[in-house]
Participant: 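Can you read through this structure? Questions will come right after.
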Number of protein chains: 2
Amino acid sequence: MNIKIAIADDQKLFRKGITALIKSFEHMQVVFEAENGLELLALCESSANKPDIILLDLSMPEMNGLDALKLLKEKYPLIRVIILSSHEVESFILATIQAGANGYLAKNAEPEEVEQAIREVYKNDFYFTLPMLEIMRKGLVKKANIIKLDDQDNLTNREKEVLSLICKQMNSNEIADKLFLSNRTVEGHRNNLLLKTKSRNTAGLVLYALKHKLFDLDTLSN
Amino acid sequence: MNIKIAIADDQKLFRKGITALIKSFEHMQVVFEAENGLELLALCESSANKPDIILLDLSMPEMNGLDALKLLKEKYPLIRVIILSSHEVESFILATIQAGANGYLAKNAEPEEVEQAIREVYKNDFYFTLPMLEIMRKGLVKKANIIKLDDQDNLTNREKEVLSLICKQMNSNEIADKLFLSNRTVEGHRNNLLLKTKSRNTAGLVLYALKHKLFDLDTLSN
DNA sequence: ACACAACCAGGTATTTTTACCTAGTTGCTG
DNA sequence: CAGCAACTAGGTAAAAATACCTGGTTGTGT
């Protein structure tokens, strides 16, 4: 049985080249080409011949690759997507993985690697080169280490207490009631919090609290 | 030049077996063995002959592998660590990667794979098998998918735009400037956001945005 | 053509937050 | 004991957010 492939790239010549290349591989066929994200989605919608794997360029007009990827994965979770990359930044690459990309292929890769990538993704849902894996690993590690650096958070217990109540969407009066304080006192704490955390307002305080893991998103009902 | 290796495992026989195995590989030597995490750290401390790579069992008495790994990476960030795993759960595996593990090796792996893993880690800082990579990928993706369930968030694009700026600690006037709107309009959006998200104030909006992954903590500077 | 949702923008009034002050009490430490 | 940090609490004023209104425009779908 053939592996059905679709290609989305804004450069016609590139599309045609890849198509020709894929034709030279055994048991593969290109079912359609798209020149931007919108067209890709439309073709996936209309085509009776759904692709198994899509080769997706990230930088396209109309709708870029990342947005297209997200929508694709939402509507057709079974379709595997291999990202065609020129020279993207790490955060963008991570975003595509988080959006569900199944593989990554540099645009200057060898033809053999294209074939290998497609077959691996078809078999294992998965193909990444070593540098990519290194980036992924960094991405995994990063989250745990965002803070840790400036961690001496200086906040006193009372301040942390007030901050936690702020994060529960209480205003100063309510907090004062709860802690048996004057609202002026609470305002004082609040002010110190703004200074110490270098925040501009309540939004900043909430972000600070979450970033520094003073407590967890899940514990705050909404 | 030889690759210097240390082994930490609580089973003596296993240690000796691996040591023997490694002796059979070219340009490798075992510099010491430890039977638990504490001993491993002590030996790293005292030994003049620091290992390049440590083969580390996760389940050990006294101090388990994960804790040992964390301390190791803190003190000796240059030492690479390959985890020896029997049958750990995913979350534990991810924890080791976040703690800086450079590779993962199943205890029932083929001898050739041990050699390959060591050489790859020595060369690339990095060796993971396909199933491991799959787990890593899931780990990366998971975070992005916590919500999604109740996702019909009703928020219009404009509202999301305003919300994102609120989360960047902007006030209504600043948002109005940025979006070329009247501040009254922004206030209108803001009000709708409060209603739709059932929030009481800015803190609630930020929490909502984060909970529903409208964007990521990391992307919001603080 | 009509309904409807999204978007925009104004008014008025109240509440809350922010900014910038002062100052007393408590408890710990050199 | 002196010094300091944490906690408390007050005043005044300006800025921002909230509550509750109104009404217009635009685009989409029926």
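These values consider heavy atoms only, across backbone and side chains, with no hydrogens, waters or symmetry-generated copies.
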Participant: Quickly work out the B:Asn173 CG to D:dA15 P distance and round it to whole Å.
Facilitator: 10 Å
Participant: Nearest 0.5 angstrom please: A:Ile83 CD1 to A:Leu58 CG, how far?
Facilitator: 4.5 Å
Participant: Looking at A:Arg190 and A:Glu187, does any basic side-chain N land under 4.0 Å from a carboxylate oxygen?
Facilitator: no
Participant: Looking at every non-hydrogen atom in both residues, tell me the closest pair between B:Asn36 and B:Glu39 and how far apart they are.
Facilitator: OD1-N, 2.8 Å
Participant: Rounded to whole Å, how long is the line connecting atom CE of A:Met170 with atom P of D:dT18?
Facilitator: 17 Å
Participant: Rounded to whole angstrom units, what separation is found between the NZ atom of A:Lys160 and the P atom of D:dA6?
Facilitator: 11 Å
Participant: Enter the distance from B:Thr96:OG1 to B:Ile82:CD1 here, rounded to the nearest 0.5 Å.
Facilitator: 12.5 Å
Participant: Return yes if some donor-acceptor pair links the side-chain N/O of A:Lys70 with the main-chain N/O of A:Gly65 below 3.5 Å, else return no.
Facilitator: no
Participant: Could you list the residues that satisfy side-chain hydrogen bond (donor to acceptor under 3.5 Å, both in side chains) with B:Arg158, not counting sequence neighbours?
Facilitator: B:Glu161
Participant: Taking CD1 from B:Ile175 and P from D:dT18, how many angstroms apart are they, rounded to a whole number?
Facilitator: 11 Å
Participant: Which residue, A:Lys16, A:Arg15, A:Lys107, forms the salt bridge (charged side-chain N to carboxylate O under 4.0 Å, His left out) with A:Asp9?
Facilitator: A:Lys107
Participant: List in numerical order all residues of residues 180-190 of chain B for which some heavy atom is under 4.0 Å away from an atom belonging to DNA chain C.
Facilitator: B:Leu181, B:Ser182, B:Arg184, B:Thr185, B:His189
Participant: It should be established whether B:Ser172 places a side-chain nitrogen or oxygen under 4.0 Å from OP1 or OP2 of nucleotide D:dA17.
Facilitator: yes
Participant: Just say parallel, tilted or perpendicular for the rings of A:His212 and A:Tyr208, cut-offs at 30° and 60°.
Facilitator: parallel
Participant: Going 5' to 3' along DNA chain C, which nucleotides are the first and last within contact of chain B (any atom under 4.0 Å from a heavy atom)?
Facilitator: C:dA6 to C:dT12
Participant: Can you find a side chain N or O atom of B:Asn171 that sits less than 4.0 Å from OP1 or OP2 on D:dA16?
Facilitator: yes
Participant: A:Asn191 has an atom CG; how far is it from atom P of D:dC7, in whole Å?
Facilitator: 15 Å
